[in-house]
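First up is the structure itself, then whatever we jot down about it.
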Amino acid sequence: MTIRFEASCPDGLCPGWSFILKGETPVEANKFEINFMCDQDDRIAFHFNPRFTESDIICNSFMANHWGKEERCSNFPFGIEEPFQIEICSDNEHFHVYIDDTKIMQYKHRVEDLKTITKVQVVNDVNISSLEIAKKHHY
Ligand code: GAL
């Protein structure tokens, strides 16, 4: 596992903060991940995992030491060595995912106490050209 980026926000990232990653995938890309995590324990509130081998985006949560039920998004707009922008933001109900400004999916919160989601990381096969975490909405 190669961590490309990691940031903590002690006051919580959800809801209100918008995460915007611009990047492209390297030639031999297999998969990459964006994980919204709970700093205090090992929970992953939202695991966003494009897999080039399956042309699918796998989404899930890791709680109580287990992966939950996968939600798959077969809308797979990523190409090898093609630049893209991913924006992930959340409200009180869902994470919302936009790729190149088109909404591709939403993911219902499974972690109930949203304030505990305090860390975001980007892992594996992605070359990051810019990354912005901005407060977009006030809650
Ligand atoms: C597993 C994989 C994890 C994660 C999980 C999501 O098979 O090892 O990294 O992607 O699926 O359900």
Side-chain angles (χ1 to χ4, degrees):
M1 177 173 115
T2 308
I3 296 178
R4 307 284 178 193
F5 176 85
E6 194 167 71
S8 287
C9 176
D11 288 341
L13 287 159
C14 305
W17 291 88
S18 178
F19 168 96
I20 303 170
L21 165 76
K22 291 184 183 165
E24 64 178 51
T25 44
V27 185
E28 294 192 2
N30 178 11
K31 62 178 181 179
F32 70 92
E33 301 171 19
I34 300 170
N35 295 311
F36 285 82
M37 308 172 76
C38 303
D39 238 341
Q40 298 303 319
D41 49 52
D42 58 359
R43 284 177 298 163
I44 303 176
F46 181 37
H47 170 75
F48 176 85
N49 175 211
R51 293 185 190 170
F52 291 85
T53 47
E54 300 170 43
S55 293
D56 249 353
I57 302 172
I58 281 68
C59 298
N60 207 343
S61 300
F62 186 84
M63 293 161 73
N65 278 319
H66 294 286
W67 287 107
K69 189 177 184 319
E70 289 183 348
E71 295 179 31
R72 285 180 177 249
C73 170
S74 47
N75 183 350
F76 194 83
F78 300 104
I80 296 293
E81 287 190 291
E82 275 177 24
F84 57 78
Q85 173 180 291
I86 302 174
E87 176 169 4
I88 302 178
C89 56
S90 61
D91 55 24
N92 283 312
E93 311 294 325
H94 296 96
F95 285 97
H96 301 271
V97 182
Y98 300 81
I99 296 181
D100 298 330
D101 293 323
T102 302
K103 185 166 184 182
I104 58 145
M105 60 162 296
Q106 60 187 34
Y107 183 86
K108 193 164 176 25
H109 288 301
R110 297 187 196 172
V111 164
E112 283 176 9
D113 185 0
L114 298 180
K115 280 278 169 221
T116 63
I117 305 171
T118 50
K119 187 161 88 174
V120 61
Q121 65 175 199
V122 181
V123 176
N124 289 336
D125 305 334
V126 57
N127 296 328
I128 298 172
S129 53
S130 77
L131 207 152
E132 183 188 356
I133 301 174
K135 196 135 202 178
K136 282 273 177 86
H137 305 285
H138 295 281
Y139 281 85

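Ligands are counted one by one from 1 in listed order, and the atoms in each one are counted from 1 as well.
Under the 3.5 Å distance criterion, with hydrogens and angles disregarded, a donor-acceptor pair is assigned to the side chains of Glu87 and Ser18.
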One line per pair, note the atom names and distance for all nitrogen or oxygen contacts under 3.5 Å between ligand 1 and the protein.
unit_1, atom_1, unit_2, atom_2, d
ligand 1, 10 (O), His47, NE2, 2.8
ligand 1, 10 (O), Asn49, OD1, 3.2
ligand 1, 10 (O), Arg51, NH2, 2.9
ligand 1, 11 (O), Arg51, NH2, 3.2
ligand 1, 12 (O), Asn60, ND2, 2.8
ligand 1, 12 (O), Glu70, OE2, 2.7

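Between Phe84 and Phe78, the angle of the ring planes goes over 60°, which puts this pair in the perpendicular group of the 30/60° scheme.
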Practice item. I would like to know whether Thr25 and Phe32 meet side-chain contact (heavy atoms from CB on, under 4.5 Å); could you show each step before the answer? Key: CA-CA 9 Å; Thr25 44; Phe32 70 92; 3.9 Å; yes
Problem - Derivation and outcome, side-chain hydrogen bond (donor to acceptor under 3.5 Å, both in side chains), residues Asn60 and Glu70 - result: CA-CA 5 Å; Asn60 207 343; Glu70 289 183 348; 4.6 Å; no
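Judged as a side chain to side chain donor-acceptor pair (under 3.5 Å), and not counting sequence neighbours, Asn65 has no contacts.
Taking the six-membered ring for Trp and the full ring otherwise, Phe52 and Phe76 have centroids separated by under 6.0 Å.
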